[in-house]
Every structure is written in structure tokens, then in C-alpha cells.
Amino acid sequence: MKRSTSKTCLTQKCCLGSREREWLREDPNRGCVFVCGSDHGSSIPDLHVVLCTVDTMASEICSCEGMENLYIQLNGDLVRRLEPEERPLHIIYKYLSDLGFRDPLRIQEEAAHSDLGCMIRFFSEKPSSVEQLDRILLSGVFNVRKGKTQLHKWAERLVVLCGTCLIVSSVKDCQTGKMHILPLVGGKIEEVKRKPHCLAFCSAEAQAPTYHVSFESAAEYQRWHRQATKVVSQRLSTVDLSCQSLEEIPEHLFYCQDVTSLNLRHNFLQLQSPAGVSSLCRFSQLKNLNLSQNRLGYFPIELCQIPTLTELNVSCNGLTQLPPQIGQLLSLQILNLDGNFLTALPDELGSLQQLTSLCLAFNDLTTIPKVYENLPSVEKLCMAGNRLELLNLPTLTNMTHIKVIDLRMNQLTQVGASLEGINHITHFDVRDNQLSTLDLSCMGNLEQLHCERNQLRELRLCGFSLRAIYAGSNRLTSVNVYLAPSLLHTLDLSRNCLASVPEWVCEAKKLEALDLSWNAIAELPLRIMGSSSLRRLLLGHNQLKSLPCPMESVPLETLDVQHNMLRHLPDSLFTIALNLRFLNASANILESLPSMFSGEESGTRLQAFYLTNNQLTDQYVPFLTIHANLRVLHLAYNQLETFPASKLNKLEFLEELNLSGNRLKSIPSTVSNCKRLHTLIAHSNCISVFPEIFNLPLIQLVDLSCNNLVEIATPESLPPVLHELDLKGNNDLVLDHQLHDVFSHIPILKSDNKPLPNSDLPAPSISCNHGLAEMSGQRNKLCVSSLAVSDFADGVEALYGMFDGDKNEEVPRLLQCTMGDVLLEELQQSNCDRTFMCHTFLVSHRKLGTAGQKLGSSALLCYIGRGAADHSFSLTVANVGACQAVLCRNGQPLALSRVFSLEQCLDELLRIKEQKAIITEDNKVNGVTCCTRLLGCTYLHPWVLPDPHITTLPLTVQDEMLILGNKALWEYVPATEAVQTIRHLPDPLAAAKKLCTLAQSYGCPDNVAALVVCLTIGEDTCTCEMHTLTLPNSSGLTSAVATKESPDSVTPSSSSGIASEFSSEMSVSEVSSEVGSTASDEHAIAGLEGGLILRPERRCSLHPIPSASTFQRQPSCATFSSNQSENGLDSDEELQAEGLIMGSRLEVEVDIHCSRQHSPEPSGVGTFQNLDEDSCGISMQILQQNTINHNPNQEKDELPSSMSGLNLYKKKHSNGSVVPLEEILNLIEVASEAPKRKTGYFSAPSQLEPEDQFVVPPHLENEVREQLNDLESGAEDRVNAPEEFDTAL
């Protein structure tokens, strides 16, 4: 069944009518196949829709549609002919299932998208481009003249350029008549000037004729000239026909008998066809043959009949065994069998005595084949990615010719020791295995060892010939090397558990590079620091409190001591290390800097100096002038208040300057003398004057965000290469139109948009204030894009994302623009978080189109949604690649993402190995990417998939912030440090800037991006069953149960950096009409004594039931009275009503710290600074805004200035309220000097009186007067009403 459609249907979602759709709905195993026909007159091919089932074979479709063959193209790559028994719809459904789709109905729906053709497409005829045809064969009938003289006549001949030869034959008898074959390798191609569009073909052979060929058009002339020039420029007779979708070898190629090298990689060559693989023996001089990735299935025996072969590559062909006839290739020197399914090798392979290289990586071998013993010329054992679990070293004693062993990415758990010496092995590689111990002390001539990313705890080696040891990312506590490693020049013991430096390291007299970072070393031996050969020393992330100071000069060039506990650097460091060019001392507690001794003021050679995140003050800035050759200087996040202009003037070679996170009020004017400066970063200071940077000729990046800039003088001209200017976070800065016109020429201009407040917009229940920072680093191109939508889905939800394209910027930008819309569509189809988020990634993968065929990107998406049933907020995080999200909950990092890389994900590594991908030594899939899951890169299917990792969790009041970062951020700033570093920052933009700055100062050279989201969870997300108790009185005990509802007027403010901060803005009349209370243990006891039986409460994620043994933090209801003003004194209600009409609003912030257990007696009165962390207290801050009759001085005088102002209220409750029970409804607690908050701010949601029948939204101002009249009429009733309080909180 077929339905032809027009070409415009390619842009539609589906090309089916109602009858076809009804037929498809009856069975999920039915579907449609889009077949592209040939339409040479248009760039858009003709499209046909074929309805079929998963059991319909290609032969049935061809017979029904009148086609000879059906072709398939995957991911825009090669096109192959389908076998008659293959099932097209089944191929589509399996492809979609492998991507990550699980629902059969959704798979059926996705298969009906015509734009799926970017990943999988069917053709009725084999498509081919002109360039592809030119590489295979050029042919045509032209006028040809043989010889150089005019005596020869022009004649019409058939001319073919194929392989390395030019073939000239008669037009009629081109296959049977006489043919002239002219070898072109090493020959000449000359342009005949006397005749237009004419070429002269000359061979390098002696006495070979010259052929003049006259072409009819200039285009034809250019095609032939271009291809012939490639042939004659070769030194060897090489033919490259790789990636041409060939099923057979071109017939004319067999006339090129001088071919010695033939590349047929990545084709679909048939085994038994007349011009298939079996015909390769017709090349009599063939030496190098590449047949990799041809889906052969088994080894062609016909290849064994080519005695001249010296190099054969049959990798990635699904071979399960080798024929015994392979022993006939006696001249073979290189045999590549990587990426197959071999489990054993034939003994006949041992007869290849000239074989020097045998590649067996990524097969299914479980032991080392014994045939290696009979191959004396093979020096390297290449068996990476196999299935070896045990390696017995004694088995290597009979392979004395083996020098290099490559067993990385196997399943080794044990390496059996040998009592006999094995002295022939020089290189040993067991990276990415599962070894816990490794004893190679029997290898006396071992020169290089790779054992990274195992689980090693102990390592034993012989140091007689050792030159390099790479043992990072293990659990080593001891490394024993017998015999001093006198030849050792490189030692990498990073990311282990070493508590001290092994003693034998001091004996390495030729050691040049030593990496001991990420250990637990507390002391560095003097002999290491004073080594006469050491040039590179990495000691970051240890526990060093001091560095030894040698007495003699050392050749040290690079020193990294970041993330230690250093207070001082050695005083004579720059005197003894005269060659020091790189020094990173960031993230210490440095209080001083070393200087040079008298007589040594000639200066140092230091070029990069990183001092970020220390405690340096202004008095040590002059010490920097001794480094006159400085190119990079990072002094971010110290305690600088000034930077002397005269000192900066001496750093004339400075190229990059980072002064962020200090207390600078200005940048010295002498910065204009730093003519080589290209990067100036000074965000998060107190700068109020724009620096003089417009005269710098090479300035490219200026970051002055989060400062106090007020105005900028309009420059006459901009620096010619200024690329980015960041002015965000300067709240008082307003750019006039003239300045906007000048700055519009800057490619990247970042400034704050200051929209006017709109009170008509509905206030969301959750407020997510975010800050974004992106830095390109040493790369000129930013390949990271971010997505931040705080009012997603009608303003009540939020969406954040980050996309890292590594080296491409196109795919991240496409995802930034499309993923939000895709998520909105998927939310309409499914309520399951895993389903709609997974489908969002998969559909976005499809929508990348042709851009996603060769390019890819890591993707991270964080969706804050509201539940349909309980209306509580939840966070759904999905990611592919290396971008990660971390949630700060109660000050602790909570990882929400998974890094899909070969180094950090074992199950992904096993999956890749099962699918026979080639993993290079730098741990990249086919040498392209280290990530196993990406959006895009469809040509790497099925190794690289878009199926995301998804995490969903409910948001609670303990959730403070969400941090999104790309791979570079988390690689240099661990999650724990990131959370602890920015918790105290109230501005998320400053927090994001700080993370990126720290990453760069810690050594990140690539793009780095951070998105910080401060979470504010509104109280209206609560779904608890609120219970209220009526206080006992003279008339008896009564109880009432009321349901608490938050008014629409509650509007969360931006959150702080410590914890989730909530504030509510409401009119004075609304405050006066709302009554609430804080729960206490005394209230509960009173209710129980009165005979009231409390039933179990249903608690939501915002208010978990507190346990008696843990510290719990609970939000409290603010207590207001209709006859009290904001300072606790009596006031007139008419003034409050008047204030409402004038737009007066109150912002309330409440901080409650609950103690571990109830204390009936109040603590001693004193200052807040003397209270301990577990002391009880409540602080409320009332801010009045937009009030005409507001006197700030009066407000300041009326507020109490110390804790003594609260001594009137002696009753203290277990939840932190300091109010008497009898005045619970007539009190506003005020404490302007509350203790420093430890866990965060919470909103003070107003609680309605039982008599109130409605809530006044802020946007219904026209009904305010009528409601106020109703409130005044019922005021007397409320005064006499029984007192009630809420115990739910």
C-alpha cells in the first residue's frame, strides 16, 4: 500500500491521511516507511510513503512498488543495498528502540516523522554525488590526439580515468577492442594553451606516448584536471576508494596493474560477486590492502592467494575465526585483526616468520595465544579490550621476543608473580582493569609502566631500568621500588592515598616530572625540593603546611601547590628557583609573599602566578614587582582593598589580570600602560569608576560585573579587538543611548535589563533566582550554551539547562533554542517524569538534523515542576555527556547527574566493548569523544547514544541552591568545594562568577560555565494536613480543625546564598486581618490535657515529621494583630487602610533555629554573637516599601538594638518562639540583631482567621475598599472570638 505525496510534505510532521492513521492505530507493529526516489531536477527528492508491518521484507516492498532494489542510509553516512529478506520497518523500530524509546506506540509515532531521515532513510535508487563518482571513476567521450606533433589527427575516443591509469579505447569496441593504458603515477598533467579546455597526459615511463584530451566545457575540464593532479602527485601507486558505499570493485580498476596499495575501508564489498573481494587476487603487485569495516562476517580465503601482501587490515568485520590458509601469506608483515569476535588463533599463523605486528585489540580472547611463541619478529603484544581475567607472568617467559605488552581495558583482577626473572619486557600497560595489587619486581628491564585507573593498593617494581611510572587514580598507600631508579625521569602518583612521599623517590637522580597531587601528604622531604634535576613538581590537593627551603639553586620550572594549608612560601623561593616560570599557590591560607634578597633585584623569570583564594592583603602587592616578566596574574578572592598604580606600572608584560572577589574600589589608571593586556577580570569588587581600558590596543575581554559602577564616560573609539564586555550586576549603572550605540559594536555585551515592575503578573509559588557565568579560557571560541527560564510553563515552573559542544558551538546553540519547546510538547503527552524527560532528549536528538550527524554535545536539563496531585514541587534532572548538576541540601552536595565517560562509567565501557568500538589510548570512542552518550554524533551510532540518565526528587525547604556546570568546572572544582564556597553569597551571579574564576585559577584552560539557581520553595506547595487547636478557656475545652491556605499575595523574593530564603509582600490591611501562631510543645500538652486526641498528620516534603534526636528546621507562621503596628505598639487601623491604598507593602523574613530538645527555661540574656549554634531564637525583619509617609529614622529608633529589648517576653518555646502564651495573637516579634542564620530563611506565611471568607489578590485593587468595609464591620467579633493557634508547623 503506497501513498505518493508532494515534495513539500518533507517539512510536515507526518504525511498520512485519516484512513492510514486508523489502520496504524489498530496494531503497533504496523508503520510507514518513507522512500526517497530520484528527482534530479530538484534538491528535494521525491518522497513516497509505504505502509507495511515489521514482518514486511524488502523484496515485498520492491515488488509492490516496482523497484529493483531498496537502499538504506544511516546517519547521513554510507548507502547500502538491503538484502531481500531484510525488513525495513523492523530496522526502523529497532533503531528507535536502541536510541532509548520504550513504548511501542511512541516508536510507531516517531517512525512516522519524515525528518527521521537525518538518521535513517530509504532510497529506491542508490544516490551518489559528483565528487564521489569522480573518486571512483571518470569517463566520457572526447576528442583525443596521440603524440605531441601536429601530424597526429584528433579522433573521438572513450577516455576513462580510474585508479592510477588513463584508459583510452574505441567508442564502439571499448571492452573488446584495443585499449591504451597510460600509468599516471609520477607523470605530468599539462594545460594545452593553443586549444581551450585541453589537457596533455604524460606518463613517467620512458618512451610512453602523450595523450591530448579536449573537453567540451570548463566544468568538465576542471573535474578531470583536479582528479588527475592527485594521481600524478603520488609517489606510490595508491588507490583510495574508502567510504564510497561500494559493493564491487570498479572493473576498470583491474587494468591498473601497477597498484601496490588499495584502500577499501568502510564499504559494503560482497564476498562472492565477480568483482567483489574474491577478485582482489587479480592485482599482481598489491602489497597493502585495507578491508576494515566491510561487514565481511568471515575471512575471505581468496586473500590468501595474494603472495605479495605485506600489510593486511581486516579489522571491524565481525570475524569469528581465521582460516588455516592464512599461513600462506609468507610475506605478510602487518596483520590488523582489531574489533572482531576472535576467541582463538590458528597454529598456522606461526608460519608467518616475517610478521612484525599482530593487532588483536577488542576481540574476545581470554588468554594470550600460544602462537606468539612462534612469531619471533613480533615485539608488541596488542590485546587491549579483550576478556583476560588472569595473567600469569610465567607464560611470558617463552616469548622472549616480546618487549611491549598492551593489556589495557581487559578484566584483569590478578597478575600472577613469577619467581624467575623476566628481563625482555620493557613496556607494560594494564590501564583500566580491576587490579588490587601488582608485583612486577621480576621485570628487571622494565622501562615504562601504565597502571592508571585500577584499584591498586600496593605496587612493587624493580627500579634498575625504570624511566616512567604512571600510576594515577588508584588507592595506593605504598609503592615499593627495589634498587634505586637512577634512570627514572617521570613519576605520576596522583589521586591516590599516599600519606608520605616514598623514600626511594629521593634517590631518583634524573627525575624531571613528579606528580603527587590529590593525596594526603603532610610533609615534603627537603631532598625532593632540592633535587638537581626536577623541573616539574605538582603537589596540589594535599595537606602541606610548609615547604622546605633548599640552600642551593634548583632547576624547577613548574610548581603547583594549590589546595594545601600553606601560610607562607619559602622566603628564598625565587632566589633559588631562578628558572621558575609557573607557580600556582591558589586555595591556601597565604598571608605573605616571598621577596628576593638584596642584590638579587634583577627580577625573576616567573610568567604565570596564581594566588586566588588566599588571605593576601595590600601590603604584599609591592612584592609582585620583582616578577617583571609576568604574563598571567591571578589575585582573585583575597583581601585586597587597593592596588598601587606605581606597582602595576612595572608589570608591563602583563597579558591577563584577575582581581575578582576583593574589595577594590578602583583599578589603577596605570593599567593603560599594560599594552599587552588582553584579559581584565575584576568582578565582585566595589569598583565605582570604570577603568581606563579603552586605550589598550590588545584588550579582548573585560569583566566588571557585580560592582558598583554608576556611569561610564563615552569613549571616542573602542579597542579594535575588544570581543566581550561584561557589566552585569552593576545595579546603579544605566547605559544611555549614546553609550549603547558605541557598545553595540562589541560582539558580546552583557548588561542588566531593568524591566519595570508589573504587579498584574501572577506571583509564582516558587522563585528561582539564577546567575550564569561563561568563560572561554585560553580558547578563542565559546562552545558552551545555557538555558535559564524561571517562568517556564505559565510562570509557575522553571527550566535550566547547559550544553557543552567541546569543540563545536553549533549544536549547543541549537539545543539551547529547541529543548525548551520540545519539553513543553512532551509535558502535554505524559505525566511521568522519566518518560517526558527521556523523550525530550530523544526528540531533540532527532531535531538536530544534519548538524547532529557529525557533531555532538553534552546536555543537562533541570526541570522544576509542580505535581498534579499534591501541587508540591519536584526537580527532574536528565543528562548525557559530562555536564552535571549538584543540589545543595542542608549545606551538603547531592549529585543528580551521571558522567557518561569511559573512565568513570564501567557499564558503559563494557557496552562499548561488546559493540566492538575501537577505543584509542586517550580513551576516546573511535578517537572522537570520551563520552558514550551525547546528543548528536549520530554517525557513531550505536556506540554513542542520546538516552539520558534521569533523576527525580521532591524539593524541600532544606534545598538551598542548584549548581549546573560543564565538565571543566567539576573537573577542577569538586562539588563539595563548590557548595561550601558559594553558600554565603546572596547573589547567584556572583556565585557563578566565583566558580568559573576558581576553575580557571586552578588550572582549567578550556571553556568553563556555571549556572547557580537559588531555590525558594513557597509555603503554598505544602500538602500537610494542618490541625488547629482551640485554647482552653473558662467555658470549656473546644477544638477546631482548619485548613491553611496561602494567599495569592505571597510573592517569594530572591534567595540568599546560605539557604532558601522566603519573603512575603502584603498590604498592611492584609497583615492586620491575618492571624497565625508558632507551634510549641506547651500547646500540644495543653490540648492533650483537655481531652483532645490528635490523629497522625500527613506531611509533605516541605514539612517532614521531625525526630527527637536530630536537628530539625521548621518554618513558622508570623503572628500579627490588628491593633499593633510594625514596631509592636498600638496603631490606628485607619492609617493601615490608608497605607494600603497608597501601595504600602511589608516584606517579612523569618529565621527559626530549633534546638535538639525542648528547654523550658529561657537562656541568659546577652548579645546575639554570644549565642551558640543550638540556641533558640526567632528573628523577623519588617521592611516597608513604597510608602509616602514613611520615616526611616523613626523606624530605626523604634526598633530594639539588642536582645535586652525582648526581655519582656520571658516564655520560650521549643520551636524558637519567644512569646507568652496568653499574648500569642497580639504580638509582633522584632529582633533586628538576630543570630547569624545557619540554615536559612523561611517565609512568614500569613494565616487567615476562621471568620475570613475570602483572600484579596494584589491585582484586584478595585475590590479593596469593599473588602475593608467588611473587615471593619467584623472587627468586634474577631476580638471576642476564641483564640486558636496552628500546631501543624
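It should be emphasised that the depicted structure is a prediction, and the values quoted were computed from it without experimental measurement.
Tyr863 and Ser874 form no side-chain donor-acceptor contact under 3.5 Å, judged by distance and modelled atom types alone.
Taking both residues in full, the closest heavy atoms of Cys118 and Gln853 are given as O-NE2, 2.9 Å, listed atom of the first, atom of the second, then distance. Pro274 and Glu248 make their closest contact through CD-OE2, 4.1 Å (heavy atoms, listed as atom of the first residue, atom of the second, distance). When all heavy atoms of Leu799 and Gly820 are compared, the closest pair comes out as CD2-CA, 3.8 Å. The shortest non-hydrogen separation linking Gly801 to Leu1011 is O-CD2, 4.2 Å. A pairwise comparison of heavy atoms in Cys838 and Asp947 identifies SG-OD1, 3.6 Å as the closest pair.
The pair Lys781-Glu809 does not count as a salt bridge, with every side-chain nitrogen at least 4.0 angstrom from each carboxylate oxygen. Checked for salt-bridge contact, Lys94 and Asp98 meet the test: a charged N lies under 4.0 Å from a carboxylate O. Under the 4.0 Å criterion applied to side-chain N and carboxylate O atoms, Arg19 and Glu22 are not assigned as salt-bridge partners. The pair Glu914-Arg911 fails the salt-bridge criterion, with no side-chain N (NZ, NE, NH1 or NH2) lying under 4.0 Å from an Asp/Glu carboxylate O. Residues Arg80 and Glu86 are paired through a salt bridge, judged by an N-O separation under 4.0 Å between the basic side chain and the carboxylate.
Note on ring orientation: taking the six-membered ring where Trp is involved, the planes of Tyr95 and His941 are tilted (angle from 30° to 60°).
Contacts of Tyr939 classified as ring-ring contact (aromatic ring centres under 6.0 Å, His included), with partners at least two apart in sequence or in another chain: none. With sequence neighbours left out, the ring-ring contact (aromatic ring centres under 6.0 Å, His included) criterion links Phe122 to no other residue. Remark: His839 engages Phe101 in a ring-ring contact (aromatic ring centres under 6.0 Å, His included) (not counting sequence neighbours).
Remark: the backbone N or O of Met819 is not paired with any side-chain donor or acceptor of Ser844 at under 3.5 angstrom. Side-chain atoms of Arg295 do not come within 3.5 Å of backbone N or O of Gly318 as any donor-acceptor pair. Side chain of Asn926 to main chain of Ile918: a donor-acceptor pair is present (N/O by atom type, distance under 3.5 Å, no hydrogens or angles). No donor-acceptor pair under 3.5 Å is formed between the side chain of Ser97 and the backbone N or O of Tyr93. Under a 3.5 Å cut-off, the side chain of Asn923 and the backbone N or O of Cys930 do not form any donor-acceptor pair. Of the possible polar contacts, none joining the Asn313 side chain to the Ser292 backbone as a donor-acceptor pair under 3.5 Å is found. Judged by distance alone, with hydrogens and angles left aside, the side-chain atoms of Asn363 form a donor-acceptor pair with the main-chain N or O of Leu342 at under 3.5 Å. Listed for the Arg102 side chain is a donor-acceptor partner under 3.5 Å among the backbone atoms of Gly100.
Here salt bridge (Lys or Arg N to Asp or Glu O under 4.0 Å) pairs that include residues 818-827, with residues two or more places apart or in two chains, are Arg106-Glu826. Residue pairs meeting the salt bridge (Lys or Arg N to Asp or Glu O under 4.0 Å) criterion with at least one member in residues 855-865, sequence neighbours excluded, do not occur. Here salt bridge (Lys or Arg N to Asp or Glu O under 4.0 Å) pairs that include residues 843-857, with residues two or more places apart or in two chains, are Glu110-Arg846, Asp115-Arg846.
Among Asn317, Asp364, Asn340, the single residue meeting the side chain to side chain donor-acceptor pair (under 3.5 Å) criterion with Lys916 is Asp364.
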